[in-house]
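A short worksheet on the structure shown next.
Indexing begins at 1, ligand by ligand and atom by atom, following the structure's order. The residues of the chain are indexed from 1 along the displayed sequence. Computed over heavy atoms, backbone and side chain alike; hydrogens, waters and symmetry mates excluded.
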Amino acid sequence: MIAENLKKVQERINAVDAKNQVTLIAVSKTKPASDLQQAINAGQHHFGENYLQEALDKIKALKNQNLIWHFIGPIQSNKTKQITENFSWAHSIDRLKIAKRLNDQRPSELGKLNVLLQVNIDNEITKSGVSVDEIEDLITHFENFQNISLRGFMCIPNPENNEQSFNKMAKIMQKYSNLDTLSMGMSSDLELAIKNGATFVRIGSDIFGKRA
Ligand SMILES: *Cc1c(COP(=O)(O)O)cnc(C)c1O
């Protein structure tokens with residue numbers, strides 16, 4: 001079932017006329033390690049998790065399988081140490097303080113942690129992320145960090161205007177030639193996101209089924 005779903009999602013991705021290479025992140029929050037193992041057996045390597053404790057349990061249970069773990073949930077200060085010690089990517093940086101902690105706590109033998117700035121692209125009060133106006137200033141500070149690498153942006157647009165918002169994100173991306181990663185698109189809108197330059201799509205329910 002999971003293997004079949006993965007195949008269908010990959011076919012949807014392949015069917016879009018993309019300008020960039022697109023990598024599928026299987027978003028496995030709330031799902032047991034046995035579900036992830038099914039996806040791994042079907043060739044999946046990238047996994048996205050939102051909640052630290054359950055993520056750490058799965059990382060441990062599934063070790064030595066060359067997996068790439070992405071932290072995609074909100075990041076509180078008291079979680080930065082374990083995130084930077086256990087993940088390859090953090091998509092949800094919304095404050096400089098969090099970036100600094102991830103940088104300072106990153107074990108040097110792991111190399112750099114890849115990070116994305118989460119952008120509150122529609123300025124919704126209910127969503128986290130930096131506002132579009134803050135991006136330019138914030139980015140200049142990342143030059144000072146030796147152990148994290150700012151690769152690009154992540155956004156979760158309001159579904160009512162996702163096409164415009166993906167496009168807005170793509171235009172912002174064009175201003176920064178040193179950035180190469182755009183994390184956007186979920187189960188319901190991955191095609192639109194890819195058309196607008198997404199390089200990571202984050203797909204949960206269409207792979208693992210509905211969450212409780
Ligand atoms: C849960 C989640 C997803 C996956 O959403 P689906 O609609 O299940 O594909 C993607 N990104 C983030 C940040 C999420 O929290």
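- Ligand 1 has a nitrogen or oxygen under 3.5 angstrom from a nitrogen or oxygen of G204.
- Here the protein heavy atom with the shortest distance to atom 10 (C) of ligand 1 is M186 SD, 3.1 Å.
- Looking at every heavy atom in both residues, A198 comes nearest to V22 through O-CG2, 3.6 Å.
- Taking a 4.0 Å cut-off on heavy atoms, I156 registers as neighbouring ligand 1.
- Classification of R151 and D180 as a salt-bridged pair holds, one side-chain N sitting under 4.0 Å from a carboxylate O.
- When only modelled atom types and interatomic distance are considered, S205 and R211 share no side-chain donor-acceptor pair under 3.5 Å.
- You'll find the ring centres of F200 and H91 inside the 6.0 Å limit.
- Close to ligand 1: R211, with a non-hydrogen atom less than 4.0 angstrom away.
- Under the 3.5 Å distance criterion, the side-chain polar atoms of R101 are left unmatched by any main-chain donor or acceptor of N78.
- Near S205, meaning under 4.0 Å from any of its heavy atoms, are these atoms of ligand 1: 6 (P), 7 (O), 8 (O), 9 (O).
- The R202 neighbourhood of ligand 1 comprises atoms 4 (C), 9 (O), 10 (C), 11 (N), 12 (C), 13 (C), with distances under 4.0 Å to a heavy atom of that residue.
- Shown in contact with I72 at under 4.0 Å from a heavy atom are these atoms of ligand 1, numbered in order with element: 11 (N), 12 (C), 13 (C), 14 (C).
- Here is the list of ligand 1 atoms found below 4.0 Å of a heavy atom in I203: 9 (O).
- Put simply, the side chain of N147 gets close to the backbone of N103: a donor and an acceptor are under 3.5 Å apart.
- By the 4.5 Å heavy-atom criterion applied to side chains, D206 and I203 are counted as neighbours.
- Residue K29 touches ligand 1 through its side chain alone, judged by heavy-atom distances below 4.0 Å.
- When atom types are taken as modelled, the side chain of Q38 and the backbone of D35 share no donor-acceptor pair closer than 3.5 angstrom.
- Each of the atoms 14 (C), 15 (O) of ligand 1 lies under 4.0 Å from some heavy atom of N50.
- When hydrogens are left out, the protein atom nearest atom 9 (O) of ligand 1 is S187 OG, 2.5 Å; that is the closest non-hydrogen contact.
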